[in-house]
J.: 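Okay, here's the structure, questions in a sec.
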Amino acid sequence: MATNTESVELVGDEVVGNVARAVLFAAATAATAPVDLVHPLAPNVPITLQTLWVYLSGIVLGPIWAGFAFLLYLLAGVIGLPVFAGANAGLGVVLGPTGGFLVGFPLAAVTIGFVTHGVDGLNPLGEIPVPRLVAALVAGSAVVYAAGAVGFSLVQGIGLLASVSAVVIPFLPVAALKAAATIAIVRSDAIVAR
């Protein structure tokens with residue numbers, strides 16, 4: 001009696017590769033989030049490298065997998081892994097004053113991926129025009145900061161304009177530096193999207 005030992009592919013190599021890259025982006029975000037700086041004009045909101053990873057994930061992974069990476073990141077933090085700024089964790093952080101920024105991360109990653117690549121697959125990184133990268137990063141930043149400002153406003157019980165003044169305007173120069181760093185990294189050929 002012969003036994004058939006053909007292998008069955010349950011998940012394709014492309015999916016496995018995309019999941020692995022998404023996990024790497026979530027892990028890199030988690031690894032750098034505990035390192036936070038206090039902004040002298042906004043001591044309630046830390047400066048971290050989280051948004052740099054959001055920016056890079058959208059460009060490298062595209063909309064679907066970048067969104068997945070940051071949903072995974074949020075899930076890790078909500079279940080108690082210390083992956084948020086200052087090595088914090090839990091649903092309380094997401095529902096706290098800076099939780100809107102965290103909620104904005106997957107939305108921004110999807111936005112950046114969509115503006116960069118559209119919905120028809122990934123464009124080679126070297127062929128994406130710089131103006132398109134800038135547009136993607138501006139759109140993604142707008143999503144992160146809008147979500148952050150709304151969340152801060154709701155939790156702190158202040159008006160939206162006061163929230164924007166407190167947690168958006170002081171961080172715009174930092175966001176510009178992160179966007180410039182993202183474009184420099186993408187243009188350096190240090191990473192390759194596959």
J.: Among Val54, Ile112, Val110, Leu107, find the one that has a side-chain contact (heavy atoms from CB on, under 4.5 Å) with Val143.
T.: Leu107
J.: Would a single hydrophobic cluster contain both Leu71 and Leu95, if residues Ile, Leu, Val, Met, Phe, Trp and Tyr are joined by side-chain heavy-atom contacts under 4.5 Å?
T.: no
J.: For the CH2 atom of Trp53 and the OG1 atom of Thr48, what is their distance to the nearest 0.5 Å?
T.: 12.0 Å
J.: Take a 6.0 Å sphere around CG of Leu49 and say whether it holds more than 12 heavy atoms from other residues, nucleotides or ligands.
T.: yes
J.: Compare every heavy atom of Ala109 with every heavy atom of Gly67, then report the nearest pair and how far apart it is.
T.: N-CB, 4.2 Å
J.: With distance as the sole test, does His117 use its side chain to make a donor-acceptor pair with the main-chain N or O of Pro63 at under 3.5 Å?
T.: no
J.: For Phe84 and Tyr73, I'd like to know if the aromatic rings sit close, meaning centre-to-centre distance below 6.0 Å.
T.: yes
J.: What about Val174 and Val138, same hydrophobic cluster or not, with Ile/Leu/Val/Met/Phe/Trp/Tyr joined at side-chain heavy-atom distances under 4.5 Å?
T.: yes
J.: Please answer: with hydrophobic residues joined when any side-chain heavy atoms are less than 4.5 Å apart, are Leu102 and Ile47 in the same cluster?
T.: yes
J.: With side chain to side chain contact (heavy atoms under 4.5 Å, CB included) as the test, would you mind laying out the steps for Ile158 and Phe152 before giving the verdict?
T.: CA-CA 8 Å; Ile158 62 174; Phe152 194 81; 3.8 Å; yes
J.: Any idea which heavy atoms bring Pro170 and Pro173 closest together, and the distance?
T.: O-CD, 3.6 Å
J.: Rounded to the nearest 0.5 Å, what's the gap from OG1 on Thr111 to CG on Leu137? Could you check?
T.: 11.5 Å
J.: Of the non-hydrogen atoms in Gly104 and Ala147, which two are nearest, and what is the gap between them?
T.: CA-CB, 3.7 Å
J.: Using 0.5 Å steps for rounding, measure from the CG atom of Leu56 to the CG atom of Leu61.
T.: 9.5 Å
J.: Side-chain heavy atoms nearer than 4.5 Å, only ILVMFWY residues, links allowed to pass through others: does that put Tyr145 and Val134 together?
T.: yes
J.: Contact between Trp65 and Arg21 at the side-chain level, heavy atoms closer than 4.5 Å - yes or no?
T.: no
J.: Considering non-hydrogen atoms only, spot the tightest contact between Val167 and Phe101 and give its length.
T.: O-CZ, 3.7 Å
J.: Going by heavy atoms in the side chains, are Leu125 and Val60 under 4.5 Å from each other?
T.: yes
J.: Measure the shortest side-chain to side-chain distance between Val150 and Ser163 over non-hydrogen atoms and say whether it is less than 4.5 angstrom.
T.: no
J.: Please report the shortest heavy-atom distance between Glu127 and Arg187, naming the atom on each side.
T.: N-NH1, 4.5 Å
J.: Between atom CD1 of Ile128 and atom CD1 of Ile183, what is the distance when rounded to the nearest 0.5 Å?
T.: 10.5 Å
J.: Any side-chain heavy-atom pair from Thr116 and Asn123 closer than 4.5 angstrom?
T.: no
J.: Got a second to check how far Phe25's CZ is from Leu72's CG, nearest 0.5 Å?
T.: 13.0 Å
J.: Can you measure from NZ (Lys178) to OG1 (Thr51) and round to the nearest 0.5 angstrom?
T.: 3.0 Å
J.: Start with the C-alpha gap between Val83 and Thr29, add the side-chain angles, then the distance that decides, and say whether side chain to side chain contact (heavy atoms under 4.5 Å, CB included) holds.
T.: CA-CA 8 Å; Val83 299; Thr29 307; over 6 Å; no
J.: For the residue pair Tyr55 and Ala179, what are the closest heavy atoms and their distance?
T.: CE1-N, 3.8 Å
J.: Using a cut-off of 6.0 Å, state whether more than 12 heavy atoms not belonging to Phe114 lie near its atom CZ.
T.: no
J.: Is Phe105 linked to Val103 within one hydrophobic cluster, defined over Ile, Leu, Val, Met, Phe, Trp and Tyr using a side-chain heavy-atom separation of less than 4.5 Å?
T.: yes
